[in-house]
Amino acid sequence: MGKEEIDMEAVGIANFYAGRSVLVTGGTGFVGKAIVEKMLRSCPGIKRIYLLIRERKDASPEERVASLLEEDVFRKAKELYPGCTDKVQAIRGDLAEEDLGIPPAQQEELRKNATIVFHIAATVKFQEKIKVATELNVVAVQRLITFARTLDTIDCFVHTSTAYTQTHVNQCEEKFYPTTRDPEKTIQMLQLMDDDVAEACTPKIISPHPNTYTFTKSLGEHVAKSMCSESNIPLALVRPSIVVCSWRDPYPGWTDSLNGPAGFMTMTGAGLLRVIQADPTKKPHLVPVDIVANCLIAAGRQGHLRNDCSVYNCVGGLNRPDWKAFCEQVVQSWEKYPMQDRKLRKPAMLAVVPQGTQFSVWHTISHVVPAQIFDLVWKLAGQRPMVGRAFKRTSASFREYKPWMHKDWEFDTNNMDDLQKGLSDFEKREFQLETNKTHFPTFMDNYVLGIKKFILKEENPMDGSQAKRKLQYLGMQETLVRVLLWAAFLRLLVKLNVLAERSSKATALLVVLLTAFSKVVRRATLHGTLN
(Lines give C-alpha, C1' and ligand atoms only; values in the text may rest on other atoms or scores of the structure.)
Protein backbone atom coordinates (compact mmCIF):
# COMPACT_ATOMS: atom_id res chain seq x y z
CA MET A 1 0.00 0.00 0.00
CA GLY A 2 2.96 2.33 0.37
CA LYS A 3 1.95 5.53 2.20
CA GLU A 4 -1.78 5.21 1.41
CA GLU A 5 -3.87 5.80 4.54
CA ILE A 6 -6.45 3.25 5.69
CA ASP A 7 -10.04 4.44 5.06
CA MET A 8 -11.65 3.60 8.40
CA GLU A 9 -15.18 3.95 7.03
CA ALA A 10 -14.50 1.59 4.11
CA VAL A 11 -12.85 -1.14 6.14
CA GLY A 12 -15.16 -2.97 8.50
CA ILE A 13 -12.27 -5.04 9.88
CA ALA A 14 -10.22 -1.96 10.78
CA ASN A 15 -13.32 -0.40 12.35
CA PHE A 16 -13.94 -3.52 14.40
CA TYR A 17 -10.46 -3.52 15.91
CA ALA A 18 -10.37 0.25 16.49
CA GLY A 19 -10.30 0.92 20.22
CA ARG A 20 -9.97 -2.77 21.07
CA SER A 21 -7.06 -4.56 22.71
CA VAL A 22 -5.99 -8.10 21.85
CA LEU A 23 -3.94 -10.79 23.59
CA VAL A 24 -1.63 -12.81 21.31
CA THR A 25 0.29 -15.99 22.15
CA GLY A 26 3.11 -17.09 19.86
CA GLY A 27 3.75 -13.52 18.79
CA THR A 28 7.47 -14.12 18.29
CA GLY A 29 6.89 -16.96 15.82
CA PHE A 30 6.51 -16.84 12.04
CA VAL A 31 2.71 -16.49 11.92
CA GLY A 32 2.71 -14.42 15.11
CA LYS A 33 4.99 -11.77 13.64
CA ALA A 34 2.83 -11.63 10.52
CA ILE A 35 -0.39 -10.99 12.45
CA VAL A 36 1.16 -8.39 14.77
CA GLU A 37 2.64 -6.51 11.81
CA LYS A 38 -0.64 -6.67 9.89
CA MET A 39 -2.69 -5.33 12.79
CA LEU A 40 -0.27 -2.44 13.33
CA ARG A 41 -0.32 -1.49 9.65
CA SER A 42 -3.88 -2.27 8.54
CA CYS A 43 -5.79 -1.77 11.81
CA PRO A 44 -4.21 1.52 12.91
CA GLY A 45 -6.98 2.24 15.40
CA ILE A 46 -6.16 -0.80 17.52
CA LYS A 47 -5.59 0.21 21.13
CA ARG A 48 -3.13 -2.37 22.43
CA ILE A 49 -1.50 -5.64 21.35
CA TYR A 50 -0.50 -7.70 24.35
CA LEU A 51 2.10 -10.40 23.66
CA LEU A 52 2.32 -13.27 26.14
CA ILE A 53 6.04 -14.02 26.29
CA ARG A 54 8.20 -16.24 28.48
CA GLU A 55 11.18 -14.85 30.31
CA ARG A 56 14.54 -16.23 29.21
CA LYS A 57 17.78 -16.42 31.13
CA ASP A 58 19.32 -13.86 28.80
CA ALA A 59 16.31 -11.62 28.19
CA SER A 60 13.20 -10.37 29.95
CA PRO A 61 9.84 -10.33 28.11
CA GLU A 62 10.17 -6.58 27.64
CA GLU A 63 13.63 -6.98 26.13
CA ARG A 64 12.38 -9.75 23.84
CA VAL A 65 9.54 -7.55 22.56
CA ALA A 66 11.91 -4.62 22.03
CA SER A 67 14.22 -6.89 20.02
CA LEU A 68 11.28 -8.29 18.07
CA LEU A 69 10.04 -4.86 17.02
CA GLU A 70 13.49 -3.97 15.65
CA GLU A 71 13.19 -6.71 13.02
CA ASP A 72 12.83 -5.69 9.39
CA VAL A 73 9.31 -7.14 9.15
CA PHE A 74 7.98 -4.10 11.07
CA ARG A 75 9.79 -1.44 9.03
CA LYS A 76 6.86 -0.78 6.70
CA ALA A 77 4.38 -0.34 9.55
CA LYS A 78 6.73 2.04 11.38
CA GLU A 79 7.20 4.12 8.22
CA LEU A 80 3.45 4.37 7.66
CA TYR A 81 2.50 4.98 11.30
CA PRO A 82 5.47 6.25 13.34
CA GLY A 83 5.21 5.16 16.95
CA CYS A 84 2.76 2.36 16.18
CA THR A 85 4.98 -0.23 17.85
CA ASP A 86 4.40 1.53 21.18
CA LYS A 87 1.04 -0.25 21.16
CA VAL A 88 2.78 -3.60 21.55
CA GLN A 89 3.20 -4.57 25.21
CA ALA A 90 4.91 -7.58 26.74
CA ILE A 91 2.98 -9.72 29.19
CA ARG A 92 5.20 -11.88 31.35
CA GLY A 93 3.77 -15.39 31.24
CA ASP A 94 4.10 -19.05 30.33
CA LEU A 95 1.45 -21.36 28.89
CA ALA A 96 3.00 -24.21 30.86
CA GLU A 97 2.10 -22.59 34.21
CA GLU A 98 -1.17 -22.34 36.06
CA ASP A 99 -2.88 -18.96 35.54
CA LEU A 100 -0.36 -18.66 32.67
CA GLY A 101 2.21 -17.39 35.18
CA ILE A 102 1.03 -13.81 34.60
CA PRO A 103 1.75 -11.37 37.48
CA PRO A 104 -1.44 -10.18 39.28
CA ALA A 105 -1.13 -6.58 38.12
CA GLN A 106 -0.88 -7.63 34.47
CA GLN A 107 -3.74 -10.10 34.93
CA GLU A 108 -5.92 -7.23 36.07
CA GLU A 109 -4.86 -5.07 33.13
CA LEU A 110 -5.75 -7.84 30.69
CA ARG A 111 -9.13 -8.45 32.35
CA LYS A 112 -10.08 -4.81 31.93
CA ASN A 113 -8.71 -4.23 28.43
CA ALA A 114 -8.24 -7.40 26.32
CA THR A 115 -11.38 -8.47 24.44
CA ILE A 116 -10.00 -10.80 21.75
CA VAL A 117 -7.52 -13.65 22.18
CA PHE A 118 -5.37 -14.99 19.33
CA HIS A 119 -3.88 -18.34 20.30
CA ILE A 120 -1.03 -19.09 17.88
CA ALA A 121 1.60 -20.63 20.17
CA ALA A 122 2.19 -24.38 19.79
CA THR A 123 4.93 -26.91 19.34
CA VAL A 124 5.09 -27.69 15.62
CA LYS A 125 7.65 -30.48 15.93
CA PHE A 126 6.12 -33.50 14.23
CA GLN A 127 7.97 -35.99 16.42
CA GLU A 128 7.76 -34.09 19.69
CA LYS A 129 7.54 -36.31 22.77
CA ILE A 130 3.89 -37.03 23.42
CA LYS A 131 3.85 -35.65 26.95
CA VAL A 132 5.45 -32.38 25.81
CA ALA A 133 3.16 -32.08 22.78
CA THR A 134 0.09 -32.70 24.93
CA GLU A 135 1.19 -30.12 27.47
CA LEU A 136 1.81 -27.42 24.84
CA ASN A 137 -0.97 -28.18 22.34
CA VAL A 138 -3.79 -29.37 24.63
CA VAL A 139 -3.30 -28.41 28.26
CA ALA A 140 -2.14 -24.93 27.24
CA VAL A 141 -5.45 -24.42 25.41
CA GLN A 142 -7.31 -25.32 28.60
CA ARG A 143 -5.27 -22.83 30.62
CA LEU A 144 -5.68 -20.02 28.09
CA ILE A 145 -9.46 -20.40 27.76
CA THR A 146 -9.77 -20.65 31.55
CA PHE A 147 -8.03 -17.29 31.73
CA ALA A 148 -10.10 -15.88 28.83
CA ARG A 149 -13.24 -16.65 30.86
CA THR A 150 -12.09 -14.11 33.46
CA LEU A 151 -11.91 -11.21 30.98
CA ASP A 152 -14.56 -8.55 31.53
CA THR A 153 -15.46 -8.80 27.83
CA ILE A 154 -14.51 -11.56 25.41
CA ASP A 155 -15.55 -10.84 21.83
CA CYS A 156 -13.84 -13.85 20.25
CA PHE A 157 -11.29 -16.57 20.92
CA VAL A 158 -9.29 -17.21 17.72
CA HIS A 159 -7.55 -20.58 17.81
CA THR A 160 -4.86 -21.55 15.28
CA SER A 161 -4.92 -25.25 14.48
CA THR A 162 -3.76 -27.11 11.36
CA ALA A 163 -5.53 -28.33 8.24
CA TYR A 164 -4.12 -31.79 8.92
CA THR A 165 -5.87 -32.76 12.16
CA GLN A 166 -7.71 -35.39 10.10
CA THR A 167 -4.92 -36.87 7.98
CA HIS A 168 -6.74 -40.22 7.91
CA VAL A 169 -9.64 -38.79 5.86
CA ASN A 170 -9.46 -37.60 2.26
CA GLN A 171 -12.14 -34.89 2.34
CA CYS A 172 -11.72 -32.41 5.19
CA GLU A 173 -14.79 -30.35 5.97
CA GLU A 174 -15.06 -27.13 7.96
CA LYS A 175 -16.52 -28.82 10.98
CA PHE A 176 -15.43 -30.17 14.35
CA TYR A 177 -14.57 -33.84 14.10
CA PRO A 178 -14.81 -36.36 16.94
CA THR A 179 -11.42 -37.13 18.42
CA THR A 180 -9.81 -40.55 18.31
CA ARG A 181 -9.23 -40.28 22.06
CA ASP A 182 -10.87 -38.33 24.84
CA PRO A 183 -8.63 -35.32 25.62
CA GLU A 184 -9.18 -35.30 29.38
CA LYS A 185 -8.62 -39.04 29.75
CA THR A 186 -5.51 -38.79 27.56
CA ILE A 187 -4.08 -36.03 29.74
CA GLN A 188 -4.74 -38.02 32.90
CA MET A 189 -3.28 -41.21 31.40
CA LEU A 190 -0.07 -39.48 30.32
CA GLN A 191 0.33 -37.85 33.74
CA LEU A 192 0.41 -41.32 35.29
CA MET A 193 2.99 -42.66 32.81
CA ASP A 194 6.76 -42.47 33.06
CA ASP A 195 8.36 -40.70 30.11
CA ASP A 196 9.85 -43.92 28.72
CA VAL A 197 6.52 -45.76 28.95
CA ALA A 198 4.69 -42.86 27.27
CA GLU A 199 7.16 -42.88 24.39
CA ALA A 200 6.88 -46.64 23.98
CA CYS A 201 3.09 -46.38 23.86
CA THR A 202 3.00 -43.34 21.56
CA PRO A 203 2.28 -45.18 18.26
CA LYS A 204 -0.73 -46.91 19.80
CA ILE A 205 -1.97 -43.76 21.54
CA ILE A 206 -1.85 -41.50 18.48
CA SER A 207 -3.10 -44.00 15.85
CA PRO A 208 -4.30 -43.31 13.15
CA HIS A 209 -2.44 -39.99 13.27
CA PRO A 210 1.07 -39.98 11.72
CA ASN A 211 2.70 -37.97 14.50
CA THR A 212 2.15 -36.35 17.88
CA TYR A 213 1.65 -32.93 16.27
CA THR A 214 -1.54 -33.71 14.33
CA PHE A 215 -2.80 -35.88 17.21
CA THR A 216 -2.45 -33.21 19.88
CA LYS A 217 -3.73 -30.45 17.60
CA SER A 218 -6.92 -32.48 17.04
CA LEU A 219 -7.34 -32.81 20.81
CA GLY A 220 -6.70 -29.07 21.15
CA GLU A 221 -9.54 -28.36 18.74
CA HIS A 222 -11.93 -30.45 20.82
CA VAL A 223 -10.88 -28.68 24.02
CA ALA A 224 -11.35 -25.24 22.42
CA LYS A 225 -14.81 -26.13 21.09
CA SER A 226 -15.96 -27.72 24.37
CA MET A 227 -14.75 -24.97 26.69
CA CYS A 228 -15.86 -22.06 24.48
CA SER A 229 -19.31 -23.59 24.01
CA GLU A 230 -19.70 -24.07 27.77
CA SER A 231 -18.84 -20.42 28.40
CA ASN A 232 -20.67 -18.92 25.38
CA ILE A 233 -17.38 -17.57 24.04
CA PRO A 234 -17.39 -17.06 20.25
CA LEU A 235 -14.74 -19.33 18.72
CA ALA A 236 -13.06 -18.91 15.33
CA LEU A 237 -10.87 -21.92 14.61
CA VAL A 238 -8.46 -21.40 11.71
CA ARG A 239 -6.77 -24.38 10.05
CA PRO A 240 -3.79 -23.33 7.90
CA SER A 241 -2.18 -25.87 5.58
CA ILE A 242 1.55 -25.70 4.71
CA VAL A 243 2.56 -22.13 5.57
CA VAL A 244 5.13 -20.60 3.24
CA CYS A 245 6.61 -17.14 2.65
CA SER A 246 4.46 -14.04 2.23
CA TRP A 247 2.72 -13.38 -1.05
CA ARG A 248 2.51 -9.62 -0.66
CA ASP A 249 2.67 -8.31 2.92
CA PRO A 250 4.73 -6.83 4.37
CA TYR A 251 7.08 -7.66 1.47
CA PRO A 252 6.83 -10.34 -1.22
CA GLY A 253 8.84 -13.37 -0.13
CA TRP A 254 9.22 -12.42 3.55
CA THR A 255 10.08 -15.40 5.73
CA ASP A 256 12.00 -16.10 8.89
CA SER A 257 11.46 -19.84 9.06
CA LEU A 258 13.24 -22.83 7.55
CA ASN A 259 10.32 -25.11 8.42
CA GLY A 260 8.46 -26.76 5.58
CA PRO A 261 9.63 -26.21 1.99
CA ALA A 262 12.08 -23.42 2.88
CA GLY A 263 14.47 -25.92 4.44
CA PHE A 264 14.95 -28.15 1.42
CA MET A 265 14.80 -25.11 -0.88
CA THR A 266 17.83 -23.70 0.95
CA MET A 267 19.65 -27.04 0.70
CA THR A 268 18.91 -27.03 -3.04
CA GLY A 269 20.27 -23.50 -3.42
CA ALA A 270 23.50 -24.58 -1.72
CA GLY A 271 23.81 -27.41 -4.25
CA LEU A 272 23.47 -30.08 -1.58
CA LEU A 273 20.03 -31.47 -2.35
CA ARG A 274 19.58 -33.31 -5.65
CA VAL A 275 16.73 -35.77 -5.02
CA ILE A 276 13.69 -35.95 -2.71
CA GLN A 277 11.27 -38.75 -1.98
CA ALA A 278 7.73 -37.76 -2.95
CA ASP A 279 4.96 -38.60 -5.35
CA PRO A 280 5.61 -36.17 -8.22
CA THR A 281 1.90 -36.07 -9.15
CA LYS A 282 0.63 -34.95 -5.73
CA LYS A 283 -0.16 -31.29 -5.20
CA PRO A 284 0.73 -29.72 -1.84
CA HIS A 285 -1.57 -27.13 -0.31
CA LEU A 286 0.70 -24.11 0.16
CA VAL A 287 -0.64 -21.00 1.85
CA PRO A 288 1.34 -17.74 2.17
CA VAL A 289 1.82 -16.50 5.73
CA ASP A 290 0.18 -13.14 5.02
CA ILE A 291 -2.98 -14.93 3.87
CA VAL A 292 -2.99 -16.82 7.18
CA ALA A 293 -2.58 -13.56 9.13
CA ASN A 294 -5.40 -11.92 7.17
CA CYS A 295 -7.63 -14.93 7.81
CA LEU A 296 -6.98 -14.87 11.56
CA ILE A 297 -7.77 -11.16 11.79
CA ALA A 298 -10.89 -11.42 9.63
CA ALA A 299 -12.05 -14.52 11.49
CA GLY A 300 -11.79 -12.64 14.81
CA ARG A 301 -14.34 -10.12 13.60
CA GLN A 302 -16.50 -12.75 11.91
CA GLY A 303 -16.51 -14.92 15.03
CA HIS A 304 -17.83 -12.02 17.08
CA LEU A 305 -20.54 -11.23 14.52
CA ARG A 306 -21.63 -14.87 14.20
CA ASN A 307 -21.37 -15.50 17.94
CA ASP A 308 -20.80 -19.22 17.39
CA CYS A 309 -18.02 -21.77 16.96
CA SER A 310 -16.84 -21.82 13.35
CA VAL A 311 -14.01 -23.49 11.43
CA TYR A 312 -12.05 -21.92 8.57
CA ASN A 313 -9.89 -24.13 6.32
CA CYS A 314 -7.17 -21.68 5.31
CA VAL A 315 -5.58 -23.93 2.72
CA GLY A 316 -5.48 -22.14 -0.56
CA GLY A 317 -4.01 -19.35 -2.25
CA LEU A 318 -1.47 -20.48 -4.73
CA ASN A 319 -2.12 -22.12 -8.07
CA ARG A 320 -1.40 -25.64 -6.91
CA PRO A 321 1.65 -27.11 -8.65
CA ASP A 322 2.53 -30.76 -8.18
CA TRP A 323 5.78 -31.66 -6.45
CA LYS A 324 7.53 -32.16 -9.79
CA ALA A 325 6.64 -28.65 -11.02
CA PHE A 326 7.45 -27.20 -7.60
CA CYS A 327 10.96 -28.70 -7.56
CA GLU A 328 11.65 -27.68 -11.15
CA GLN A 329 10.73 -24.11 -10.29
CA VAL A 330 12.92 -24.17 -7.17
CA VAL A 331 15.99 -24.94 -9.29
CA GLN A 332 15.06 -22.34 -11.92
CA SER A 333 14.66 -19.65 -9.26
CA TRP A 334 18.03 -20.48 -7.68
CA GLU A 335 19.67 -20.38 -11.10
CA LYS A 336 18.16 -16.94 -11.60
CA TYR A 337 19.15 -15.68 -8.14
CA PRO A 338 22.03 -17.89 -6.90
CA MET A 339 23.37 -17.72 -3.36
CA GLN A 340 26.24 -15.31 -2.98
CA ASP A 341 27.93 -17.55 -0.40
CA ARG A 342 27.45 -20.96 1.24
CA LYS A 343 27.28 -22.83 -2.08
CA LEU A 344 29.13 -26.13 -2.12
CA ARG A 345 27.89 -27.41 -5.47
CA LYS A 346 26.06 -25.98 -8.42
CA PRO A 347 22.28 -26.40 -7.99
CA ALA A 348 21.15 -29.14 -10.33
CA MET A 349 17.94 -30.88 -11.30
CA LEU A 350 15.97 -31.62 -8.13
CA ALA A 351 14.51 -35.05 -8.87
CA VAL A 352 11.33 -36.30 -7.24
CA VAL A 353 11.45 -40.06 -6.68
CA PRO A 354 8.43 -41.87 -5.20
CA GLN A 355 9.81 -45.38 -4.59
CA GLY A 356 11.75 -46.01 -1.40
CA THR A 357 14.37 -48.35 -2.91
CA GLN A 358 15.11 -46.13 -5.88
CA PHE A 359 15.27 -43.09 -3.62
CA SER A 360 17.78 -44.88 -1.36
CA VAL A 361 20.04 -45.58 -4.36
CA TRP A 362 19.98 -42.03 -5.66
CA HIS A 363 20.20 -40.61 -2.14
CA THR A 364 23.43 -42.56 -1.64
CA ILE A 365 24.88 -41.50 -5.00
CA SER A 366 23.78 -37.86 -4.89
CA HIS A 367 23.98 -37.11 -1.17
CA VAL A 368 25.78 -39.61 1.05
CA VAL A 369 28.94 -40.07 -1.05
CA PRO A 370 29.40 -36.34 -1.83
CA ALA A 371 28.77 -35.53 1.85
CA GLN A 372 31.52 -37.90 2.93
CA ILE A 373 33.89 -36.33 0.42
CA PHE A 374 33.07 -32.79 1.59
CA ASP A 375 33.42 -33.75 5.25
CA LEU A 376 36.75 -35.49 4.58
CA VAL A 377 38.09 -32.36 2.87
CA TRP A 378 36.91 -30.21 5.76
CA LYS A 379 38.52 -32.55 8.30
CA LEU A 380 41.81 -32.39 6.42
CA ALA A 381 41.51 -28.60 6.44
CA GLY A 382 41.05 -28.64 10.22
CA GLN A 383 37.38 -27.63 10.09
CA ARG A 384 34.36 -29.30 11.64
CA PRO A 385 32.47 -31.51 9.15
CA MET A 386 28.87 -30.40 8.73
CA VAL A 387 27.48 -31.71 5.44
CA GLY A 388 26.83 -35.25 6.64
CA ARG A 389 24.91 -33.98 9.65
CA ALA A 390 22.90 -31.64 7.44
CA PHE A 391 21.83 -34.57 5.25
CA LYS A 392 20.88 -36.62 8.30
CA ARG A 393 18.59 -33.82 9.46
CA THR A 394 17.17 -33.46 5.95
CA SER A 395 16.53 -37.21 5.68
CA ALA A 396 14.77 -37.12 9.05
CA SER A 397 12.62 -34.23 7.81
CA PHE A 398 11.62 -36.16 4.70
CA ARG A 399 10.56 -39.10 6.86
CA GLU A 400 8.45 -36.76 8.99
CA TYR A 401 6.90 -35.08 5.94
CA LYS A 402 6.23 -38.38 4.13
CA PRO A 403 2.41 -38.21 4.51
CA TRP A 404 2.42 -34.73 2.97
CA MET A 405 4.70 -35.78 0.11
CA HIS A 406 2.68 -38.80 -0.95
CA LYS A 407 -0.97 -37.91 -0.39
CA ASP A 408 -3.56 -35.45 -1.64
CA TRP A 409 -6.34 -34.00 0.49
CA GLU A 410 -9.40 -32.08 -0.52
CA PHE A 411 -10.70 -29.31 1.72
CA ASP A 412 -14.10 -27.71 1.92
CA THR A 413 -13.82 -23.92 2.13
CA ASN A 414 -17.43 -22.74 2.40
CA ASN A 415 -16.76 -20.67 5.52
CA MET A 416 -13.63 -19.20 3.96
CA ASP A 417 -15.66 -18.30 0.88
CA ASP A 418 -18.30 -16.62 3.04
CA LEU A 419 -15.55 -14.77 4.89
CA GLN A 420 -14.24 -13.45 1.58
CA LYS A 421 -17.70 -12.51 0.31
CA GLY A 422 -18.41 -10.52 3.46
CA LEU A 423 -15.54 -8.13 2.77
CA SER A 424 -15.86 -4.83 0.95
CA ASP A 425 -13.91 -4.36 -2.27
CA PHE A 426 -11.32 -2.37 -0.34
CA GLU A 427 -11.05 -5.08 2.30
CA LYS A 428 -10.63 -7.77 -0.34
CA ARG A 429 -7.50 -5.96 -1.44
CA GLU A 430 -6.22 -5.03 2.00
CA PHE A 431 -7.06 -8.32 3.74
CA GLN A 432 -6.51 -10.67 0.82
CA LEU A 433 -7.76 -14.19 1.51
CA GLU A 434 -7.07 -15.86 -1.83
CA THR A 435 -4.29 -15.66 -4.39
CA ASN A 436 -5.49 -18.04 -7.07
CA LYS A 437 -4.30 -15.69 -9.81
CA THR A 438 -0.74 -15.62 -8.50
CA HIS A 439 1.97 -16.23 -11.09
CA PHE A 440 3.71 -19.19 -9.47
CA PRO A 441 7.22 -18.69 -10.98
CA THR A 442 7.21 -15.08 -9.72
CA PHE A 443 6.09 -16.24 -6.28
CA MET A 444 8.95 -18.77 -6.15
CA ASP A 445 11.46 -16.15 -7.31
CA ASN A 446 10.31 -13.99 -4.39
CA TYR A 447 10.55 -16.98 -2.04
CA VAL A 448 14.19 -17.52 -3.01
CA LEU A 449 14.93 -13.80 -2.69
CA GLY A 450 13.23 -13.82 0.73
CA ILE A 451 15.39 -16.71 1.92
CA LYS A 452 18.47 -14.87 0.70
CA LYS A 453 17.51 -11.56 2.34
CA PHE A 454 15.77 -12.51 5.58
CA ILE A 455 17.41 -15.83 6.49
CA LEU A 456 20.83 -15.80 4.82
CA LYS A 457 21.09 -12.02 5.43
CA GLU A 458 22.45 -11.14 1.99
CA GLU A 459 22.62 -7.38 1.56
CA ASN A 460 21.87 -7.36 -2.17
CA PRO A 461 19.96 -10.58 -2.89
CA MET A 462 19.12 -9.58 -6.49
CA ASP A 463 22.76 -8.90 -7.38
CA GLY A 464 23.80 -12.24 -8.80
CA SER A 465 26.59 -11.39 -11.24
CA GLN A 466 29.42 -12.59 -9.00
CA ALA A 467 27.34 -15.52 -7.72
CA LYS A 468 26.65 -16.70 -11.28
CA ARG A 469 30.38 -16.64 -12.05
CA LYS A 470 30.94 -18.78 -8.98
CA LEU A 471 28.26 -21.19 -10.24
CA GLN A 472 30.24 -21.66 -13.44
CA TYR A 473 33.35 -22.35 -11.37
CA LEU A 474 31.47 -24.86 -9.20
CA GLY A 475 30.12 -26.58 -12.32
CA MET A 476 33.64 -27.02 -13.69
CA GLN A 477 34.87 -28.12 -10.29
CA GLU A 478 32.18 -30.81 -10.06
CA THR A 479 32.97 -32.06 -13.56
CA LEU A 480 36.65 -32.27 -12.60
CA VAL A 481 35.78 -34.31 -9.51
CA ARG A 482 33.71 -36.70 -11.64
CA VAL A 483 36.61 -37.10 -14.05
CA LEU A 484 39.06 -37.82 -11.24
CA LEU A 485 36.71 -40.35 -9.65
CA TRP A 486 36.25 -42.22 -12.95
CA ALA A 487 39.99 -42.13 -13.56
CA ALA A 488 40.64 -43.56 -10.09
CA PHE A 489 38.00 -46.23 -10.66
CA LEU A 490 39.50 -47.29 -14.01
CA ARG A 491 42.96 -47.36 -12.45
CA LEU A 492 41.65 -49.67 -9.75
CA LEU A 493 40.13 -52.02 -12.34
CA VAL A 494 43.50 -52.19 -14.14
CA LYS A 495 45.28 -52.95 -10.87
CA LEU A 496 42.82 -55.77 -10.19
CA ASN A 497 43.35 -57.13 -13.73
CA VAL A 498 39.64 -56.62 -14.45
CA LEU A 499 40.45 -54.21 -17.27
CA ALA A 500 43.32 -54.32 -19.72
CA GLU A 501 45.77 -51.42 -19.56
CA ARG A 502 45.30 -48.89 -22.34
CA SER A 503 47.24 -45.96 -23.71
CA SER A 504 46.90 -42.69 -21.81
CA LYS A 505 44.90 -41.15 -24.72
CA ALA A 506 42.46 -44.04 -24.79
CA THR A 507 42.10 -43.93 -21.02
CA ALA A 508 41.46 -40.18 -21.08
CA LEU A 509 38.82 -40.58 -23.78
CA LEU A 510 37.17 -43.38 -21.82
CA VAL A 511 37.09 -41.24 -18.67
CA VAL A 512 35.47 -38.34 -20.54
CA LEU A 513 32.88 -40.65 -22.11
CA LEU A 514 32.05 -42.28 -18.78
CA THR A 515 31.71 -38.88 -17.10
CA ALA A 516 29.32 -37.64 -19.76
CA PHE A 517 27.48 -40.96 -19.89
CA SER A 518 26.92 -41.06 -16.12
CA LYS A 519 25.36 -37.60 -16.19
CA VAL A 520 23.07 -38.57 -19.08
CA VAL A 521 22.07 -41.81 -17.35
CA ARG A 522 21.17 -39.98 -14.15
CA ARG A 523 19.03 -37.45 -15.96
CA ALA A 524 17.37 -40.06 -18.17
CA THR A 525 16.69 -42.44 -15.28
CA LEU A 526 15.24 -39.78 -13.03
CA HIS A 527 13.30 -38.20 -15.86
CA GLY A 528 11.81 -41.59 -16.61
CA THR A 529 10.87 -41.93 -12.95
CA LEU A 530 9.17 -38.56 -12.97
CA ASN A 531 7.09 -39.44 -15.97
Side-chain angles (χ1 to χ4, degrees), residues 25-34 52-54 56 94-96 119-144 159-168 179-181 183 186-187 190-191 193 195-221 223-224 238-245 255-267 276-277 284-287 289 292 389-407 455:
T25 71
T28 59
F30 184 35
V31 174
K33 292 176 185 177
L52 185 70
I53 295 185
R54 288 182 294 116
R56 288 181 175 171
D94 191 337
L95 289 168
H119 182 39
I120 304 171
T123 176
V124 297
K125 294 179 181 178
F126 285 180
Q127 302 301 330
E128 182 67 88
K129 292 183 177 180
I130 190 168
K131 296 182 75 170
V132 176
T134 302
E135 178 72 20
L136 297 177
N137 291 346
V138 186
V139 179
V141 179
Q142 292 179 327
R143 293 190 179 116
L144 187 60
H159 180 66
T160 312
S161 185
T162 172
Y164 303 104
T165 56
Q166 306 298 319
T167 52
H168 46 287
T179 56
T180 54
R181 285 188 176 270
T186 301
I187 294 170
L190 291 172
Q191 288 174 343
M193 287 183 173
D195 292 349
D196 293 342
V197 175
E199 286 305 296
C201 295
T202 294
K204 184 176 181 180
I205 295 172
I206 69 175
S207 178
H209 291 272
N211 52 56
T212 57
Y213 172 68
T214 61
F215 171 68
T216 54
K217 291 299 280 186
S218 71
L219 298 187
E221 285 191 3
V223 167
V238 178
R239 292 175 177 158
S241 52
I242 302 173
V243 183
V244 293
C245 74
T255 182
D256 76 343
S257 171
L258 284 176
N259 290 331
F264 76 75
M265 285 176 62
T266 304
M267 291 279 284
I276 67 171
Q277 185 178 4
H285 287 266
L286 308 175
V287 58
V289 67
V292 177
R389 290 193 304 161
F391 276 124
K392 286 182 180 179
R393 289 195 297 268
T394 303
S395 297
S397 297
F398 284 141
R399 287 194 296 271
E400 293 178 3
Y401 281 108
K402 187 174 181 179
W404 288 264
M405 311 288 274
H406 292 266
K407 184 176 178 179
I455 294 180

Between [X] and [Y], is any pair of side-chain heavy atoms under 4.5 Å apart?
X: Ile455; Y: Thr266; value: no
X: Trp404; Y: Tyr164; value: yes
X: Thr214; Y: Thr165; value: no

> Which residue, His159, Arg239, Gln166, forms the side-chain hydrogen bond (donor to acceptor under 3.5 Å, both in side chains) with Glu221?
Replying inline: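 For Glu221, the side-chain hydrogen bond (donor to acceptor under 3.5 Å, both in side chains) test succeeds with only one of His159, Arg239, Gln166, which is Arg239.
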Rounded to the nearest 0.5 Å, how far does [atom2] of [Y] lie from [atom1] of [X]?
X: Leu258; Y: Phe264; atom1: CG; atom2: CZ; result: 12.0 Å
X: Ser207; Y: His168; atom1: OG; atom2: NE2; result: 9.0 Å
X: Thr28; Y: Leu52; atom1: OG1; atom2: CG; result: 10.0 Å
X: Lys217; Y: Leu136; atom1: NZ; atom2: CG; result: 10.0 Å

Heavy-atom pair of closest approach, residues [X] and [Y]:
X: Pro210; Y: Pro403; result: CB-CG, 3.9 Å
X: Thr212; Y: Thr216; result: O-OG1, 2.7 Å
X: Ile242; Y: Pro261; result: CG2-CD, 3.8 Å
X: Gly220; Y: Val141; result: O-CG1, 4.0 Å
X: Gly26; Y: Ala121; result: N-CB, 3.5 Å
X: Thr160; Y: Pro240; result: CG2-CG, 4.0 Å

> Ignoring hydrogens and geometry, is there a side-chain-to-backbone donor-acceptor pair from Asn259 to Ala262 under 3.5 Å?
Replying inline: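 No; zero donor-acceptor contacts below 3.5 Å.
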> What's the verdict on side chain to side chain contact (heavy atoms under 4.5 Å, CB included) for Thr186 and Thr179, showing C-alpha distance, side-chain angles and the deciding distance?
Replying inline: CA-CA 11 Å; Thr186 301; Thr179 56; over 6 Å; no
>> If you count heavy atoms of other groups shown closer than 6.0 angstrom to NZ of Lys402, is the number above 12?
In response: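 No, not enclosed.
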Side-chain polar contacts of residues 196-204 - donor-acceptor pairs under 3.5 angstrom, sequence neighbours left out - could you list them?
{"residue": "Glu199", "atom": "OE2", "partner": "Ile130", "partner atom": "N", "Å": "3.2"}
{"residue": "Thr202", "atom": "OG1", "partner": "Ala198", "partner atom": "O", "Å": "2.8"}
{"residue": "Thr202", "atom": "OG1", "partner": "Glu199", "partner atom": "O", "Å": "3.3"}

> Parallel, tilted or perpendicular: which describes the rings of His209 and Phe215, with under 30° parallel and over 60° perpendicular?
Replying inline: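 Perpendicular.
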>> Taking side chain to side chain donor-acceptor pair (under 3.5 Å) as the cut-off, I'd like each qualifying pair that reaches into residues 123-135, sequence neighbours left out, listed once.
In response: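 Found Thr123-Glu128, Lys131-Asp195, Glu135-Arg143.
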